[in-house]
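Counting starts at 1 for both ligands and their atoms, in listed order. All of these numbers come straight from a predicted model, not from anything done at the bench.
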Amino acid sequence: MFFDNASTTKLDEDLIDELKNLNEEFFYNPGGLYSKSRNVKKQIEDDRKKIIECLGGESSDNFVFTGSATEGNNLAIMGVLRKNFTKMLFSMGEHPSVYNTALELKNRGYNVEFITLDKTGKVDLDDFKNKMTADVDFVSIMHVSNETGAINDICSLVEIAKGVNEKVIFHSDGVQAYGKIDVDVSTLGVDMYTISAHKIYGCKGIGGLYIKKGVNLKPIIFGGGQESGLRSGTENYMGIHIFSKVVERAKNDLLKNSNLVKLLKLKFIEKLSSTSLKYSLHSYDDNSPYIVSVSFDKCRAETLLNMLNDNMIYIGNGSACSSKNSGNRILQNMGVPKDGVEGNLRISFSKHNTVGEVEKLVDCLSLCVGDYLSKAR
Ligand code: PLP
């Protein structure tokens with residue numbers, strides 16, 4: 001049973017046939033001058049248009065296909081960076097692909113400040129208002145936390161930021177948001193927004209960055225000038241086409257999937273509370289239903305994870321990219337005690353999970369925690 005869907009999801013089965021078809025007719029390099037290549041190039045532009053539309057962007061906006069959301073986040077930050085930047089703001093809750101890029105900039109001498117999180121895992125509004133001064137050039141705040149599922153009110157944060165400095169560039173990492181909660185980049189008011197295909201049942205190794213018209217971005221990868229010069233490298237057309245399909249599907253199925261996942265989260269919490277287990281939840285009612293962060297008193301996460309693994313139940317303990325410490329940074333910043341941080345498990349659902357699986361998960365957790373505590377005595 002797979003409950004680590006925030007780390008990745010399984011490609012939708014029907015798209016495997018689609019990949020086979022694409023491999024026949026559309027394997028050509030889109031950079032070629034012959035008709036077969038031009039066809040692929042045209043398809044890429046259609047896919048780009050479709051994604052911009054699903055995101056709620058304008059036809060004059062851009063969407064750059066990248067090799068991952070990690071690359072998309074790097075492109076947003078490093079591509080917009082200017083030598084004369086006075087101040088850049090990031091939240092303490094960011095995924096390592098944003099947080100470590102911010103740390104790198106700090107090491108290079110840029111004025112980088114981090115906004116703390118409140119106890120529910122959202123950016124602390126007072127801290128944001130204090131740090132959001134007129135000299136801030138760039139802000140990056142994620143939409144939904146990959147650790148806790150906390151949802152930042154990006155629309156209000158953009159409003160505050162642009163109210164202080166109308167020229168500030170606002171980027172948001174929407175990897176755990178798109179397809180899971182309502183996303184409309186125009187309503188949010190963001191200048192850039194990152195998404196990833198493999199979190200919404202697409203292929204791994206393909207992501208992208210939405211860029212509002214007028215944002216002046218420079219490439220961070222140089223070469224043949226693909227993607228209007230913003231991301232050189234032969235386009236991953238098969239990945240791109242499947243990406244546009246899953247983006248559209250995620251939008252169409254948003255309500256259906258989120259109703260199912262809400263039920264799964266509810267069942268999980270309900271059943272957990274009916275056991276004698278002592279635990280703390282670090283996810284709240286208004287969070288994304290897709291992610292539940294929980295720790296069991298006096299239990300180390302790694303041991304529990306291994307015990308569940310022995311029962312063929314696979315769950316996460318935070319960001320898969322750096323499972324060692326990014327969850328710690330975030331939970332610590334929320335004020336979770338050391339014990340809770342060390343015992344933190346991340347359970348993340350998908351449209352493929354069932355209520356029966358959730359019941360088995362809680363039963364197994366009860367046994368594992370009981371076993372753990374009896375051995376620790
Ligand atoms: N941002 C968030 C919030 C994520 O959860 C992840 C993946 O875990 C990423 C960025 C990176 O995505 P990718 O695996 O496409 O690089």
Side-chain angles (χ1 to χ4, degrees), residues 2-11 51 55 63-78 90-104 117 121-123 140-152 154 171-181 183 188 190 192-210 220-221 231 233 236 239-240 242-244 246-247 250 283 287-293 314-331 333 344 346-350:
F2 188 63
F3 288 106
D4 193 20
N5 294 281
S7 78
T8 197
T9 52
K10 195 174 164 192
L11 180 68
I51 293 179
L55 282 169
F63 186 87
V64 175
F65 291 108
T66 56
S68 60
T70 296
E71 191 194 318
N73 283 336
N74 272 261
L75 175 62
I77 301 163
M78 304 305 271
F90 298 86
S91 94
M92 274 304 291
E94 296 302 307
H95 181 269
S97 56
V98 170
Y99 186 75
N100 289 339
T101 311
L103 283 186
E104 175 60 25
L117 305 176
K122 295 176 191 157
V123 294
S140 184
I141 296 176
M142 74 199 316
H143 200 172
V144 172
S145 165
N146 51 294
E147 301 287 347
T148 63
I151 303 175
N152 284 309
I154 297 297
H171 164 253
S172 184
D173 174 347
V175 168
Q176 299 291 347
Y178 185 82
K180 300 178 179 187
I181 62 166
V183 170
L188 293 174
V190 288
M192 292 185 280
Y193 196 85
T194 312
I195 60 172
S196 183
H198 74 103
K199 310 287 185 177
I200 51 170
Y201 318 102
C203 306
K204 288 160 196 57
I206 181 85
L209 181 68
Y210 159 82
I220 58 169
I221 292 176
R231 204 282 185 176
N236 170 7
I240 288 172
I242 298 296
F243 192 13
S244 86
V246 294
V247 162
S283 297
N287 281 21
S288 158
Y290 282 80
I291 297 175
V292 179
S293 169
Y314 311 110
I315 61 167
N317 68 330
S319 167
C321 312
S322 75
S323 47
K324 290 274 183 292
N325 55 24
S326 87
N328 293 4
R329 160 182 34 99
I330 291 157
L331 293 181
N333 202 261
N344 175 53
R346 181 185 69 174
I347 288 141
S348 48
F349 305 111
S350 82

Sub-3.5 Å N/O-N/O distance, Ser7 and ligand 1:
no
Gap between atom OG1 of Thr9 and atom NZ of Lys204 - 0.5 Å precision
6.5 Å
Would you please determine whether Ser97 falls within less than 4.0 Å of ligand 1 on a heavy-atom basis?
yes
When rounded to the nearest 0.5 angstrom, what is the spacing between OG in Ser288 and CZ in Phe349?
10.0 Å
Heavy-atom distances under 4.0 Å decide this one: backbone, side chain, both or neither, for Glu71 against ligand 1?
neither
Close-contact set for ligand 1 against Lys199 heavy atoms, below 4.0 Å
6 (C), 7 (C), 8 (O)
Going by heavy atoms in the side chains, are Tyr99 and Met92 under 4.5 Å from each other?
yes
One finds that the ligand 1 atoms under 4.0 Å from a non-hydrogen atom of His198 are 13 (P), 14 (O), 15 (O)
Given side chains that start at C-beta, do those of Arg231 and Leu209 come closer than 4.5 Å, heavy atoms only?
no
Begin from the C-alpha positions of Ser97 and Asn74 and carry the test side-chain hydrogen bond (donor to acceptor under 3.5 Å, both in side chains) through to its verdict.
CA-CA 7 Å; Ser97 56; Asn74 272 261; 5.7 Å; no
Does only the side chain of Met142 get under 4.0 Å from ligand 1, or the backbone, or both, or neither? Count heavy atoms.
side chain
Show the atoms of ligand 1 that are less than 4.0 angstrom away from any heavy atom in Ser68.
15 (O), 16 (O)
Met192 CE to Ile77 CD1 distance, which is reported to the nearest 0.5 Å
8.5 Å
Enter the distance from Lys180:NZ to Ser348:OG here, rounded to the nearest 0.5 Å.
7.5 Å
So is there a nitrogen or oxygen of Asn146 less than 3.5 Å from a nitrogen or oxygen in ligand 1?
no
Near Gln176, which atoms of ligand 1 are under 4.0 Å from a heavy atom of that residue?
3 (C), 4 (C), 5 (O)
Heavy-atom distances under 4.0 Å are what count here, so tell me which part of Asp173 touches ligand 1: side chain, backbone, both or neither.
side chain
Can you find an N or O of Val175 that's nearer than 3.5 Å to an N or O of ligand 1?
no
Is the shortest heavy-atom distance from the side chain of Tyr290 to the side chain of Ile181 under 4.5 Å?
no
